[in-house]
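See structure below.
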Amino acid sequence: MSDVELVDVVAVGNTLGEGVVWDAAEACVWWTDIQSARLYRYDPANRELADYATPERLCAFALRDGERGFLAAFESGFGFWTPGSNDVTWLHRLARHPAVRLNDGKTDRQGRFWCGGLQETKPDREPGGQLWSVQADGTCRTHRDGIRISNSLCTSPDGKVLYFTDTPTRQIERYDLDTVSGALKAPALFVQTEPHCYPDGSTVDVYGYLWNAQWGASQVVRYAPNGSVDRVLPVPASQPTCVTFGGVDATYLFVTTARETLSKDALSDEQHAGDLLIYRTPYRGIADTRFGQR
């Protein structure tokens, strides 16, 4: 991608940077370091960085429509939370299952929040992760069970397709999404990634192409709506985790990365492992719908 340029690196050294979201109202980008229980905010225009402790590990989140703070997917459940506060208004707590927490999440075009679970240890029975949606009124619904590592949640520009992966399968799936009821139908294979290329967080641009961060592969891949590879963006970190578009014209690509699982030798070779990478692109993204927005 010679027309995509790395223009900024926010050197935060996250253990597990994730869940990156562009905030158009404040012209800043937010993301979480899950394992360090920290939330980050960066203003690209002024290069100002702030961070906040989270009440427990924050796995994913969405800006709220007409309200301060976030709908937060913490390790143990969903709730409303404002940075700088330890108070959480809980909507739903997960039924306790050995070593299962929430993971990747994102709103659809109707303002519902989608988030899936992650099995943190090798299960001695079927994995306990689930795929959830949270409605504008705060009610929660399960759509799928038996997930090891949920990722790649995002929706097509028209809101009629939901993308999802259980990362160890290396398969990104697509579902027909009923925009009124939120029901998922007609699951189908969208992409089978190459060996050692594990699909992590995704976003979709205005042209309907899906951008996927690939853990272990040092790359972000742009897939056409038919699932074919369109472009491959090499990144200077072996574990890219999540992507979103932002900036005034939504042409900047923000990529979170991780240091988790890397050896000392690997870290010495990866100067930007755990940092936020910012690229200028000729492409344009779609602003994330705020939670509860119609």
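Phe245 pairs by the ring-ring contact (aromatic ring centres under 6.0 Å, His included) definition with Trp211, not counting sequence neighbours. With sequence neighbours excluded, the residues forming a side chain to side chain donor-acceptor pair (under 3.5 Å) with Gln192 are Gln171, listed by chain and number. With sequence neighbours excluded, the residues that form a salt bridge (Lys or Arg N to Asp or Glu O under 4.0 Å) with Asp176 are Arg174. For Ser202, the side chain to side chain donor-acceptor pair (under 3.5 Å) partners are Ser152, Asn212, not counting sequence neighbours. Considering only residues two or more places apart in sequence or on other chains, Asp33 meets the side chain to side chain donor-acceptor pair (under 3.5 Å) condition with Ser36. By the salt bridge (Lys or Arg N to Asp or Glu O under 4.0 Å) test, Arg101 pairs with Glu120, sequence neighbours left out. Among residues two or more places apart in sequence or in another chain, the ring-ring contact (aromatic ring centres under 6.0 Å, His included) test is passed with Tyr175 by none.
Counting heavy atoms from C-beta on, the side chains of Arg259 and Thr15 never come closer than 4.5 Å. Cys197 places a side-chain heavy atom less than 4.5 Å from the side chain of Gln214. Side-chain contact between Pro127 and Leu118 is absent, with no heavy-atom pair separated by less than 4.5 Å. Within the 4.5 Å cutoff, the side chain of Arg47 has heavy atoms near those of the Asp8 side chain. For the pair Phe164 and Trp114, the minimum side-chain heavy-atom distance is 4.5 Å or more. Using a 4.5 Å heavy-atom threshold, the side chains of Arg38 and Asn14 count as separate.
A side-chain donor-acceptor contact under 3.5 Å links Thr281 to the backbone of Thr251. Within the 3.5 Å criterion, the main-chain N or O of Gly159 finds no donor-acceptor partner in the side chain of Thr155. Remark: the backbone N or O of Ile149 is paired with a side-chain donor or acceptor of Asp166 at under 3.5 angstrom. Put simply, the side chain of Thr32 gets close to the backbone of Leu58: a donor and an acceptor are under 3.5 Å apart. Between the Thr257 side chain and the Gly274 main chain, a donor and an acceptor come within less than 3.5 Å of each other. Side-chain N or O atoms of Glu56 include one that pairs as donor or acceptor with a backbone N or O of Ser76 at under 3.5 Å. Judged by distance alone, the side chain of Thr289 and the main-chain N or O of Thr107 form no donor-acceptor pair under 3.5 Å. Between the side chain of Glu48 and the backbone N or O of Asp43, no donor-acceptor pair lies under 3.5 Å. Looking at Arg148, its side chain never comes within 3.5 Å of a backbone N or O of Gln119 through a donor-acceptor pair.
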Report the C-alpha distance between Leu253 and Tyr283 in whole Å, list the side-chain angles of each, state the deciding distance to 0.1 Å, and finish with yes or no for side-chain contact (heavy atoms from CB on, under 4.5 Å).
CA-CA 9 Å; Leu253 183 71; Tyr283 306 98; over 6 Å; no
Set out, in order, the CA-CA distance, both residues' side-chain angles and the distance that settles side-chain contact (heavy atoms from CB on, under 4.5 Å) for Asn103 and Ile147, then state yes or no.
CA-CA 11 Å; Asn103 196 46; Ile147 297 168; over 6 Å; no
Step by step, would you call Thr165 with Asp104 a side-chain contact (heavy atoms from CB on, under 4.5 Å)?
CA-CA 10 Å; Thr165 185; Asp104 182 60; over 6 Å; no
List the steps and the verdict of side-chain hydrogen bond (donor to acceptor under 3.5 Å, both in side chains) for Asp265 and Ser263.
CA-CA 5 Å; Asp265 287 343; Ser263 67; 5.2 Å; no
When you look at Leu131 and Leu184, which way does the side-chain contact (heavy atoms from CB on, under 4.5 Å) test go after all the steps?
CA-CA 11 Å; Leu131 176 61; Leu184 298 179; 4.0 Å; yes
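With no hydrogens or angles considered, no side-chain donor-acceptor pair links Gln239 and Thr241 at under 3.5 Å. Between the side chains of Thr167 and Asn151, at least one donor N or O sits under 3.5 Å from an acceptor N or O. Under 3.5 Å, the side chains of Arg231 and Tyr209 contain no donor-acceptor pair of N or O atoms. Looking at His143 and Ser133, their side chains do bring a donor and an acceptor atom within 3.5 Å of each other.
From Gln110, atom CD reaches atom CD of Gln293 across 11.0 Å, with rounding to the nearest 0.5 Å. The distance from atom OG1 of Thr261 to atom CG of Leu16, rounded to the nearest 0.5 Å, is 9.5 Å. Here CZ of Arg112 is found 7.0 Å from OG1 of Thr179. Values are rounded to the nearest 0.5 Å. Here the NE2-OG distance, from His196 to Ser238, works out to 13.5 Å after rounding to the nearest 0.5 Å. Note that the CZ atom of Phe291 and the CG atom of Leu63 stand 12.0 Å from one another [nearest 0.5 Å]. Distance check: Ile172 CD1 to Phe190 CZ gives 7.0 Å after rounding to the nearest 0.5 Å.
In terms of heavy-atom proximity, Phe78 sits nearest to Cys140 at CD1-SG, 4.1 Å. In terms of heavy-atom proximity, Val206 sits nearest to Gly285 at CG1-O, 3.3 Å. Across all their heavy atoms, Trp215 and Ala258 have their closest contact at CZ3-CB, 3.7 Å. Nearest heavy atoms, Cys154 versus Val204: SG-CG2, 3.6 Å. Scanning all heavy atoms of the two residues, the minimum distance from Ala273 to Ala237 falls at CA-CB, 4.1 Å. Of all heavy-atom pairs spanning Ala213 and Cys242, the tightest one is CB-N, 3.8 Å.
Following chains of ILVMFWY side-chain contacts shorter than 4.5 Å, one cannot reach Tyr163 starting from Leu177, and the two form parts of different hydrophobic clusters. Follow the hydrophobic side-chain contacts under 4.5 Å out from Val243 and you reach Val9 in the same cluster. Residues Val20 and Leu49 fall within the same hydrophobic cluster, defined by Ile, Leu, Val, Met, Phe, Trp and Tyr side chains chained together at heavy-atom separations under 4.5 Å. Clustering ILVMFWY residues whenever any of their side-chain heavy atoms sit less than 4.5 angstrom apart, transitively, puts Val12 in the very cluster that holds Tyr252. Following chains of ILVMFWY side-chain contacts shorter than 4.5 Å, one cannot reach Val7 starting from Val255, and the two form parts of different hydrophobic clusters.
Contacts classified as salt bridge (charged side-chain N to carboxylate O under 4.0 Å, His left out) and involving residues 189-206 (residues at least two apart or in different chains) are given here: Asp205-Arg222. Within the structure, every pair that satisfies the salt bridge (charged side-chain N to carboxylate O under 4.0 Å, His left out) test and touches residues 268-292, not counting sequence neighbours, is listed here: Glu5-Arg280, Asp23-Arg290. Among residue pairs with one or both ends in residues 18-46, those qualifying as ring pair (Phe, Tyr, Trp, His ring centres under 6.0 Å) are Trp22-Phe254, Trp30-Phe70, Trp31-Tyr40; sequence neighbours excluded.
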Could you go through residues 79-90 and list every donor-acceptor pair under 3.5 Å that involves a side-chain atom there, pairing it with any protein atom two or more places apart or in another chain?
| residue | atom | partner | partner atom | Å |
| --- | --- | --- | --- | --- |
| Trp81 | NE1 | Ser85 | O | 2.5 |
| Ser85 | OG | Asp87 | N | 2.9 |

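In the hydrophobic clustering (ILVMFWY side chains linked at under 4.5 Å, chained through shared members), Leu262 is joined by Leu267.
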